[in-house]
Amino acid sequence: MMNKMIVSNLAHRPLRSAISIVAIALEVTLILLIVGFSIGLLNDSRSRQAGIGADVIVLPPSSSNIVGVTGAPMPAKIADIIDKLPHVTVVSPVLMQVSTAGALQTIYGVDLQSFEKMRPFTYIKGGPFQQLGDLLVDDIYAGTNHTKIGDMIPLLNHSFRVSGIVAHGKGARLFLPLATLQDLNGAQGRVSAFYLKADDPASADAVVDEIKNYPKMGAYVVHSMREYLSMLSPDNIPMLSTFIRIVIGISVTIGFIVIFQAMYTAVMERTREIGILKSLGASKLYIVNVIMRETALLAIAGIIVGIAFSFAAGGGIHKRVPTLPIEMNWWWVLRATIIAIVGSLAGAVYPAFKAAQKDPIDALAYE
């Protein structure tokens, strides 16, 4: 009987109920999409770093965990020192350049011979660099931009010819010859990182110790790739975890305010109904239970709508922009669900207790 009354109450004010459901759906969607994009980009970066095939990475002193933001502060001649260490079989210098032209993307300047010794490119079309003005792009970039072999791509105020389209998952989406990118940046003889291949993956930690103990190399940031990839998490990326908490805080605030307003208005409009219930013997707990159940029903409906819209929107955006990955994991769906329910019920607490405190005589006389 109570459930029928609750459904009738919500159906009696369809517009207000719909607005409450949409607000909760917006709360859930905001959490899932923004967190999904943040984690998707991070995991995509991690998988592309793993795809390079290196066992150890060497970064400049005091560098960030985010590969590509350090510029070119290391002398390339360090490669000669590292190459002589035991267990090291390949040293590949890489220069990284962040470009904001059109879209934010990282360009790798690579020494193709050493870079492919770690894990060769898979050429879908075309082949390696033929000259310094050549460019390699991955299949996702090519598909998104309808790029073909021989096309001229404007990049860093120059035009480059696409000589090959490679399978994605090798660090960046765009690759230039190392010397070309060094010349464009005025960074001759300097690189952003060294990727190392060990004689055995189990020797990665030994290589790290050898580099750190080498004279004048102790200040450099050196990690095994296993350790480095484990560090690419929201907690280790500057401000990302803070950004996620801010998004959740804004979402909860939206849900709280809308539910508070909706249930407070509902209590004011149903003053006489509440008086009748109390005159028939309904307890304060019964009245609170009615209001909270209404809120829970609105929250569940909003959560279902929000989850469905988030998956549909995420899939549509990724299909339209394949370079923008989104990860909808069920752990975050569960967290968004709990956050939405708790925020909604918190918004209904005051209206519920205000309804329970109404005097039945005053309520029945209310016009």
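Only a predicted model underlies this, so the values are computations on that prediction, with no experimental measurement involved.
- We find that Asp55 and Arg226 are not joined by a salt bridge, their nearest charged nitrogen and carboxylate oxygen being 4.0 Å or further apart.
- Salt bridge status for Arg48 with Asp44: present, with a side-chain N to carboxylate O gap under 4.0 Å.
- In summary, Asp111 and Lys117 do not engage in a salt bridge, as defined by a charged side-chain N under 4.0 Å from a carboxylate O.
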- Check step by step if side chain to side chain donor-acceptor pair (under 3.5 Å) holds for Thr147 and Asp151. CA-CA 7 Å; Thr147 303; Asp151 285 354; 5.1 Å; no

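- At most 12 non-hydrogen atoms from other residues, nucleotides or ligands lie less than 6.0 angstrom from CG of Asn157.
- Of the inter-residue distances, the one linking Leu184 atom CG with Ile107 atom CD1 reads 9.0 Å to the nearest 0.5 angstrom.
- Other residues, nucleotides and ligands contribute at most 12 non-hydrogen atoms within 6.0 Å of the CZ atom of Phe309.
- Taken from CG in Leu135 to NE2 in His158, the straight-line distance is 13.5 Å, to the nearest 0.5 Å.
- Heavy atoms only, all atoms of each residue included: Met225 and Gln49 are closest at CE-O, 3.7 Å.
- Here the straight-line distance linking atom CZ of Phe129 with atom CD of Gln113 works out to 13.0 Å at 0.5 Å rounding.
- Here the closest heavy-atom approach between residue Ser163 and residue Leu136 is recorded as OG-CD2, 3.5 Å.
- For the pair Lys170 and Phe115, the cation sits on the ring face: its NZ or CZ lies under 6.0 Å from the ring centre, inside 45° of the axis.
- Trp332 has its ring centre no less than 6.0 Å from the ring centre of Phe37.
- In plain terms, the two heavy atoms of Thr295 and Ala348 that are nearest each other are OG1-CB, 3.1 Å.
- Rounding to the nearest 0.5 angstrom, the gap separating the OG atom in Ser344 from the CD atom in Glu27 is 5.5 Å.
- Checked against the 6.0 Å centroid criterion, the rings of Phe121 and Phe175 qualify as a close aromatic pair.
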